[in-house]
Amino acid sequence: MQEIFNIFIKSIFIDNMVFAYFLGMCSYLAVSKTVKTSVGLGLAVVFVLGITVPVDYLLNELVLREGALVWLDKSFIDVDLSFLSFILFIAIIASMVQLVEMIVEKFSPALYASLGIFLPLIAVNCAILGGSLFMQERDYQSLAQATSFGLGSGVGWFLAIVGIAAIREKIRYSNVPPALRGLGITFIITGLMGIAFMSFLGIKL
Amino acid sequence: MSAEIKEKEPLFSAKNMRLIKTPINLTNPITVQVLGICSALAVTAKLMPAIVLSISVVVVMAASNVIISFLRDGIPPRIRIIVQLVVIASLVILVDQVLKAFVYDVSKQLSVFVGLIITNCIIMGRLEAFAMSNKPWPSFLDGIGNALGYGIILILIAFLRELFGSGTVLDVQVIPQAFYEFGYENNGLMILPPMALITVGVIIWVQRYYTRELIEKN
């Protein structure tokens with residue numbers, strides 16, 4: 001139980017998808033102009049990560065890793081299908097995002113309209129594939145651990161995008177040099193936020 | 001049926017050369033189109049992984065642009081994203097295996113970021129914007145141009161970060177020992193992730209200062 005909680009907290013603050021690993025930057029930069037769209041996209045990312053990471057964990061355990069196919073036939077113990085990870089993970093992510101898109105369109109058409117193209121773009125959001133690949137690399141021991149990692153990563157990304165959106169809304173009234181306006185200042189502020197998040201590295205879990 | 005003799009565009013015409021030149025400055029994927037940021041920041045702590053990743057991206061982009069361009073008339077619109085993803089993913093699997101075989105230690109450093117080439121927005125972006133509606137040779141050039149624009153920025157960031165962060169370039173000590181004895185210290189912050197973001201911000205600042213058209217009108 002303690003381990004699951006640790007993984008959750010670590011993936012939000014210490015291994016933050018945006019500030020430590022720079023995943024999901026494209027949509028992070030493009031959607032963070034207002035807080036409203038950021039909250040919508042952030043929640044969608046939490047949802048997608050929370051589902052795809054556990055599903056990919058099961059896929060990894062039962063099909064992909066070396067010796068995983070033993071349940072089919074004892075002789076498959078040497079079979080290592082991990083080279084298929086990329087394609088299978090992406091397939092699951094694409095289907096999940098299609099599902100999320102349909103749900104959002106049905107239950108909140110206003111959000112669907114305001115997110116526009118960025119909802120299907122979650123499928124190529126590096127944070128989602130990155131979440132599954134990190135899960136595979138770190139070799140979590142149970143489904144619960146993988147799920148807490150997925151949800152934690154999503155919440156970390158959510159925190160990052162809502163934070164930068166709030167700041168960007170405020171600096172519209174500041175005196176930013178012309179060449180730095182818009183994209184340049186956002187990068188620098190994100191860097192400063194990254195430095196701030198580094199303060200969490202001191203937490204001993 | 002009237003037969004028109006189409007004027008064949010020479011292979012290296014000015015129009016085609018522009019496909020390579022514009023993405024290097026005016027429509028640079030990282031600093032202007034804001035694509036492919038993720039990997040640009042994460043692998044640039046040292047110069048060698050940045051170079052290897054840039055070359056991988058050039059290969060994947062050029063090949064996928066050509067393949068999708070050849071297939072463009074046969075792909076049903078509803079499943080085109082899936083087809084694109086399958087093409088890119090297969091190419092990345094190939095590149096990943098080649099990297100693991102020939103430069104194993106660098107591929108370990110790159111870890112998940114080779115796989116993440118699949119979700120690199122530049123590749124999908126150019127497939128959608130260009131290869132789906134253009135012939136194979138221009139698509140090839142467009143792929144090379146954008147990947148070069150991406151690679152140049154990557155190498156620039158990695159060079160600055162490695163130089164100031166560890167005093168080395170390609171693991172060769174460049175800052176002379178005399179500097180260290182004088183009191184110069186390596187800037188440890190440069191190796192850490194946040195400085196990559198600030199370095200890109202500064203590169204954008206310099207680029208927009210000299211290329212006025214890129215300044216955002218608010």
Side-chain angles (χ1 to χ4, degrees), chain A residues 16-30 83-91 93-95 97-98 120-121 123-134 136-137 172 176-198 201, chain B residues 31-44 81-82 84-86 88-90 92-94 96-97 100 111-125 189 192-212 214-218:
Chain A
N16 187 294
M17 280 289 184
V18 173
F19 298 124
Y21 297 107
F22 308 123
L23 300 180
M25 289 296 286
C26 313
S27 29
Y28 169 89
L29 290 167
F83 65 94
L84 287 178
S85 311
F86 294 156
I87 277 197
L88 289 176
F89 285 177
I90 275 277
I93 292 172
S95 345
V97 171
Q98 186 66 58
L121 275 186
V124 285
N125 186 330
C126 348
I128 316 287
L129 184 60
S132 293
L133 292 178
F134 277 134
Q136 195 184 37
E137 199 181 66
R172 287 175 74 106
V176 183
L180 207 47
R181 244 181 250 149
L183 197 61
I185 196 72
T186 308
F187 266 101
I188 296 186
I189 295 180
T190 310
L192 292 172
M193 283 172 82
I195 297 181
F197 264 69
M198 272 169 54
L201 282 175
Chain B
T31 57
V32 180
Q33 296 180 53
V34 198
L35 302 172
I37 310 281
C38 323
S39 42
L41 302 172
V43 305
T44 46
I81 302 266
I82 300 180
Q84 289 167 358
L85 276 175
V86 168
I88 301 176
S90 326
V92 171
I93 293 182
L94 270 174
D96 185 40
Q97 297 296 314
K100 282 203 184 115
S111 72
V112 299
F113 289 97
V114 178
L116 286 181
I117 298 180
I118 304 177
T119 52
N120 189 324
C121 332
I122 306 181
I123 306 191
M124 274 281 255
L189 194 56
L192 297 172
M195 281 315 287
L197 285 159
I198 298 187
T199 310
V200 176
V202 172
I203 291 177
I204 294 180
W205 194 356
V206 171
Q207 187 197 18
R208 290 194 182 187
Y209 186 77
Y210 287 109
T211 315
R212 295 257 145 190
L214 293 173
I215 294 181
E216 287 177 38
K217 316 244 171 324
N218 226 332

Report which part of [X] has an atom under 4.5 Å of a heavy atom belonging to chain A: side chain, backbone, both, or neither.
{"X": "B:Q207", "answer": "neither"}
{"X": "B:I37", "answer": "both"}
{"X": "B:I203", "answer": "neither"}
{"X": "B:T31", "answer": "backbone"}

Minimum heavy-atom separation for [X] to [Y], with atom names?
{"X": "A:L129", "Y": "B:I118", "value": "CD2-CB, 4.4 Å"}
{"X": "A:C26", "Y": "B:G36", "value": "SG-N, 3.7 Å"}
{"X": "B:R208", "Y": "A:R181", "value": "NH1-O, 3.6 Å"}

Below 4.5 Å, heavy-atom pairs only: which of [options] has the largest tally toward chain B?
{"options": "A:Y28, A:F134, A:F89", "value": "A:F134"}
{"options": "A:F197, A:F22, A:F187", "value": "A:F22"}
{"options": "A:G194, A:A196, A:A179", "value": "A:A179"}

Separation between CD1 of B:I204 and CG of A:L180, rounded to the nearest 0.5 Å:
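Rounded to the nearest 0.5 Å, the CD1-CG separation comes to 8.5 Å.
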
Please round to the nearest 0.5 Å and tell me the distance separating atom CD1 of A:I188 and atom OG1 of B:T199.
9.5 Å

Checking side-chain contact (heavy atoms from CB on, under 4.5 Å) for the pair A:M193/B:L197: CA distance, chi angles, key distance, verdict?
CA-CA 10 Å; A:M193 283 172 82; B:L197 285 159; over 6 Å; no

With chain A, which of B:V206, B:V92, B:L85 has the greatest number of heavy-atom pairs at distances under 4.5 Å?
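The candidate making the most pairs under 4.5 Å is B:L85.
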
Region of [X] that comes under 4.5 Å of a non-hydrogen atom in chain B:
{"X": "A:L29", "answer": "side chain"}
{"X": "A:M198", "answer": "side chain"}
{"X": "A:I195", "answer": "both"}

